[in-house]
Amino acid sequence: MAESSQTDQPDNHSTHETPAHDRLGYVPTDIEPRWQQYWVDNGTYEVNNDDPRPRYYVLCMYPYPSGPAHQGHVRNYTFGDLLTRYRTMQGDAVLSPIGFDSFGLPAENAAIKSGIHPRVFTDERIEELSSSLKRIGASYDWRRMVTSHDPEYIRWTQWIFLKFYEAGLVYRGNSPVNWCPGCQTVLANEQVNADGTCDRSGDIVERRDMEQWFYKITDYAQELLDDIEGLEWPNKVKTMQQNWIGRSEGAEFGLPVADANGKPRTDIEPVRVFTTRPDTSFGMTFAVMAPEHSMVDAVTTPENKDAVAAFQADVAGKSEIDRLSNDGEITKRGVFTGTHLVNPFTGKTVPLYLADYVLTTYGTGAIMAVPGQDQRDWDFAEAHGLEIIRTIEPPADFEGKAYTGDGPSVNSEWLDGLEITDAKKKAIAWLEEQQLGEQKVNYRLRDWLLSRQRFWGCPIPMVYCDNCGVQPVAETSLPVLAPDEVEFTPTGQSPLLNSDEFLVTECPTCEGPARRETDTMDTFVDSSWYFLRFADPTNTDAAFDMNAVGDWLPVDQYIGGVEHAILHLMYARFFTKALADLGIAPKDLREPFKRLFTQGMVKLGGTKMSKSKGNVIAPEAIIDSQGSDTLRLAHMQVKPPAEDVDWEDFGLDGCHRFLNRVWRLARTETDQLPKVRTGAATKADNEIEAATHRFIDKVTSDYERWSYNTAVAAFMEFTNLLYKYVQSEDGPHDHTTAFAVDSLLLTMAPAVPHITAELWTHRHDGAHIHQQQWPVADPDKLKSETVTMIVQVNGKLRDKIEVSVDISEQDAEALALASEPVIRQLAGGTPKKTIVRAPKIVNIVS
RNA sequence: GCCCGGGUGGCGGAAUGGCAGACGCGGCGGAUUCAAAAUCCGCUGCCCGAAAGGGCGUGUGGGUUCGACUCCCACCCCGGGCACCA
């Protein structure tokens, strides 16, 4: 490698008294471990809760411990580390903690495969990943490490569960769930592939109705929606959350069941429907119910029983994915119930169908169908020969089927002529007046199904008592821990189901025999409050101290992958709000993450890097050869941080070459310069000084706006400039160069911490660069006396003239008109008009 | 289908109404060297031209403006998310 040949060559500029290590070239494998040890030994990035400096909380999403770091980790933690070091140099007390999201399926699967206990397996992976993170040079307050599977953390996760239970934010309910027969557990939606198979095992996911535990996140739907606006998050993520919550306004009302004469029956409740378009109610020509609707039996006539039952069975056998995959087919699958409902707007009867395009989980599970204004209803009506009435007048040139645009109401009696907004208002007012229904807001957001039929997760602290029913475990008995002596079998069943040691307990209420809940919590529960625990990670009396959380939270900068845009970030927001409302977290802490940055994914040849694909470029191998500073710099340089990157585009060699250049510049510049220069500042001094201030200003603003690729460009450009001057005959004074080189090192220190620390300590008698103040550009020095004025003819560049910054408009125009290329372009003609923006530009229109 | 991004040299990208292509990679040339590596310096959008110089050029087509990669309208293509949500 490059550096090894250099180490053998004596430095030409060195004299015999230079210490041996000074003659060494840049050898990252030598300097990097030393500095990593130094930061740990000196507690450089440890902060206490009584730190008097201004607070700043930087957090990278804590990782699932999967073994040594991969490039995605490097990318994430490089940016986080850069910010931590940058803010520290700015004078802030920066809380930069790390932890591990250490519950999850891989550890359990490993246990099934090899018999290693998940804890042992997990602790080993944590060890590997911690070591990797240190080798990247990431700086943390390791004293604050939090792991999800730590009994102390489990205790407080369970405690919070109980508090939510007391507050009515936890309930047990029946719900159709994604069940993977291979994994023997329910799955979150994101664990199901688009083709309906399990992301992990490949089995076809089934829909099952199961009693499960839920967090009542829907209680917070409106607040979760409202508070998105105030977040400094990527718009993409904010939009995704808004769509996920999916607020829609409309009306809910009852459609009475009709008797044989078409009159409303009083012996059966009306069928409730939700619609966002009450203004189109006169166009309702049929109604549709979800096949799982609780009223199906009651509304099905005897002669239709068989057909309805067959349809229900058919739908039940399908996964949700299958059921929705009919999209695009012209025929809407459905069956007639034999019953008619009364459209209260017209008094006429409409047939009631079951159809799988109506979902039981949204709204009331039943709809009024208005084929004239809804394409799904239109398709169904065509397939089943049902009437279609337009109630909104489409434009004359409209050629489609259902018309969903604006227009005046028609065929709607007392709504005729009204535009949609007014018609909606009037229709809702009428419904309320008639006491048939009311205005209603619906959300797409569902409650959070938190139970998992797995071993390696936080046990749900509930017991089942034959006398008292479901009972919460007493707070004093926490934590509920899974036993160690269990057998992992390849059936995939949780070993807890067969562990008497765990199962058998007594009822906290009546002290009679009881059985423990064997389900564990979704791992997203653990990650929903860890950022609070970091403020006070060793507290044994509470989940966290209110004041500590108040002092550090909200997180000033949260950094992670966009794949968590909805789930984790929504859950964490919900937890924070609920904890604040319960008086556990500060009342005014409404949002956990003030600012969010989502970094891009690292791919190889266009596909995601993953162990299973075997296309992994191991960071450690690069750290071994070129060093972590080179790797970090390459991650910064390759692309804007928010974008996905391909490993093929990385310029490792270029970055390594550059660091070598910086090394040589910082170690040898004084030897290459005329030793003592006195007297007035030279032209070179002035230019370098001005360039240094511009450079500091540029890097600072690039750091602030997450433009790390251009910051690297600035490092390189500035270094190139210094090389040019240092080598010239009439170079700058020593102190000018020293100022420039020091500024370069200081601004690079957050990005490439090891090389800059090493160079700084040599240049400044053992001082530590990361304890230096961030350099500030002098605003006066940013202004230059002359500037290049652009001269255009008809908007095209024709000349550049060096002018004084305060040149008058008249002088600027005169100079431009006197320019040789301008005269040639004008060819004797007189300009029609001249636009002068002194001193930047003159545009001559001919 | 809907909602977000994005489209600029051979490649990654820079430029938030005013010099298009910073910086890096790759390529070419030079210095150094016995030679090579490393290093240092220079050139490098396309076309015409010996040069001076000129023409063209930021997905496509229009528009606004003295001036548009940048703003507006329409369209094409690529990436991502959501997807029968009534």
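- When heavy atoms are screened at a 4.0 angstrom cut-off, A:Gln825 is found touching the sugar-phosphate backbone but no base atom.
- One P atom belongs to B:G42, the other to B:A51, and the distance between them is 22 Å to the nearest Å.
- Residue A:Glu643 is classed as a sugar-phosphate contact, given heavy-atom separations below 4.0 Å to backbone atoms only.
- Considering only side-chain N and O atoms, A:Arg664 lies under 4.0 angstrom from the phosphate OP1 or OP2 of B:C40.
- Residue contacts for A:Arg705: at a heavy-atom cut-off of 4.0 Å it reaches the sugar-phosphate backbone alone, with no base atom in range.
- Minimum atom distance to the side chain of A:Asn243 is reached by B:C3, of the listed B:C3, B:C23, B:C66.
- Phosphate contact (OP1/OP2 of B:C66, side-chain N/O of A:Thr834, threshold under 4.0 Å): absent.
- For the pair A:Asp649 CG and B:G13 C1', the computed distance is 10 Å after rounding to whole Å.
- Taking only side-chain nitrogens and oxygens, A:Lys833 comes nearer than 4.0 Å to OP1 or OP2 of B:C66.
- Nucleic acid contact class of A:Glu717 (heavy atoms, under 4.0 Å, all strands): sugar-phosphate only.
- Using Watson-Crick or G-U wobble geometry with both donor-acceptor distances under 3.5 Å, B:U33 finds no partner in any strand shown.
- Here B:G10 presents its C1' atom at 15 Å from CD of A:Glu648, a figure rounded to the nearest Å.
- Ring centers of A:Phe380 and A:Trp378: at least 6.0 Å apart, outside the cut-off.
- In this model, the phosphate group of B:C19 is not approached by any side-chain N or O of A:Arg798 to a distance below 4.0 Å at OP1 or OP2.
- At the phosphate of B:G18, neither OP1 nor OP2 sits under 4.0 Å from any side-chain N or O atom of A:Lys800.
- Across all strands shown, B:C43 pairs with B:G27; the Watson-Crick or G-U wobble distances both stay below 3.5 Å.
- A:Arg694 has no side-chain polar atom (N or O) that falls below the 4.0 Å cut-off from OP1 or OP2 of B:A22.
- Within 4.0 Å of A:Lys832, counting heavy atoms only, lies no atom of the nucleic acid at all.
- Taking atom CE of A:Met240 as the reference point, atom C1' of B:G80 lies 8 Å away to the nearest angstrom.
- Between A:Glu249 and A:Arg247 there is a salt bridge, since a side-chain N of the basic residue sits under 4.0 Å from a carboxylate O of the acidic one.
- With respect to A:Lys698 and A:Glu704, no salt bridge is recorded, no charged nitrogen being found less than 4.0 Å from a carboxylate O.
- B:C71: Watson-Crick or G-U partner is B:G63, with both key distances under 3.5 Å.
- B:G12 atom P lies 15 Å from atom CZ of A:Arg75, rounded to whole Å.
- A:Pro640 comes within 4.0 angstrom of sugar-phosphate atoms only, judged by non-hydrogen atoms across all strands, and of no base.
- Atom CG in A:Leu633 sits about 14 Å away from atom C1' in B:G12, given to the nearest Å.
- In a base pair of the Watson-Crick type (N1 to N3 plus N6-O4 or O6-N4) or a G-U wobble (N1-O2 and O6-N3), with each distance short of 3.5 Å, B:G79 is matched with B:C4.
- In terms of phosphate contacts, A:Lys796 brings no side-chain nitrogen or oxygen within less than 4.0 Å of OP1 or OP2 of B:C66.
- Note on A:Asn843: a base of the nucleic acid sits closer than 4.0 angstrom, heavy atoms only.
- Within the nucleic acid shown, A:Gly654 comes within 4.0 Å of sugar-phosphate atoms alone, with no base atom in reach, counting heavy atoms only.
- The same atom, C1', is picked in B:U65 and in B:G54; the two are 26 Å apart, to the nearest Å.
- Nearest to the side chain of A:Asn709, among B:C23, B:G13, B:A86, sits B:G13.
- Taking the C1' atoms as reference points, B:A20 lies 47 Å from B:C84, given to the whole Å.
- The aromatic ring centroids of A:Phe286 and A:His384 lie 6.0 Å or more from each other.
- Between A:His656 and A:Tyr26, the ring centre distance stays below 6.0 Å.
- Atom pair A:Asn343:CG and B:A86:C1' shows a separation of 15 Å (rounding to whole Å applied).
- In terms of phosphate contacts, A:Arg824 brings a side-chain nitrogen or oxygen within less than 4.0 Å of OP1 or OP2 of B:G54.
- Across the interface with RNA chain B, nearest-nucleotide mapping of A:Asn794 and A:Tyr723 shows A:Tyr723 to be the residue nearer the 5′ end.
- In summary, A:Lys424 and A:Asp279 do not engage in a salt bridge, as defined by a charged side-chain N under 4.0 Å from a carboxylate O.
- To the nearest whole angstrom, the two P atoms, one in B:A52 and one in B:U64, are 38 Å apart.
- In this structure, A:Arg661 forms a cation-pi arrangement with A:Tyr723, its terminal cationic atom sitting closer than 6.0 Å to the ring centre and no more than 45° off the ring axis.
- In this structure, A:Val712 and A:Ile841 both approach RNA chain B, and ranking their closest nucleotides by distance from the 5' end singles out A:Ile841.
- Using a 4.0 Å cut-off, no side-chain N or O of A:Asn720 falls inside it from OP1 or OP2 of B:C41.
- Pairing of B:A38, defined by two Watson-Crick or G-U wobble distances under 3.5 Å, is not identified with any nucleotide.
- We find that NZ of A:Lys639 is positioned 14 Å from C1' of B:A14, with the value rounded to whole Å.
- We find that A:Lys603 and A:Asp644 are joined by a salt bridge, their nearest charged nitrogen and carboxylate oxygen being less than 4.0 Å apart.
- Between A:Arg661 and the phosphate of B:C41, there is a side-chain N or O to OP1/OP2 separation shorter than 4.0 Å.
- Under the Watson-Crick and G-U wobble criteria, each requiring two contacts below 3.5 Å, nucleotide B:C19 is left unpaired.
- Close to B:C82, at under 4.0 Å from its OP1 or OP2, lies no side-chain N or O of A:Arg444.
- Across the protein-nucleic acid pair, A:Asn660 atom CG and B:A37 atom C1' stand 14 Å apart, rounded to whole Å.
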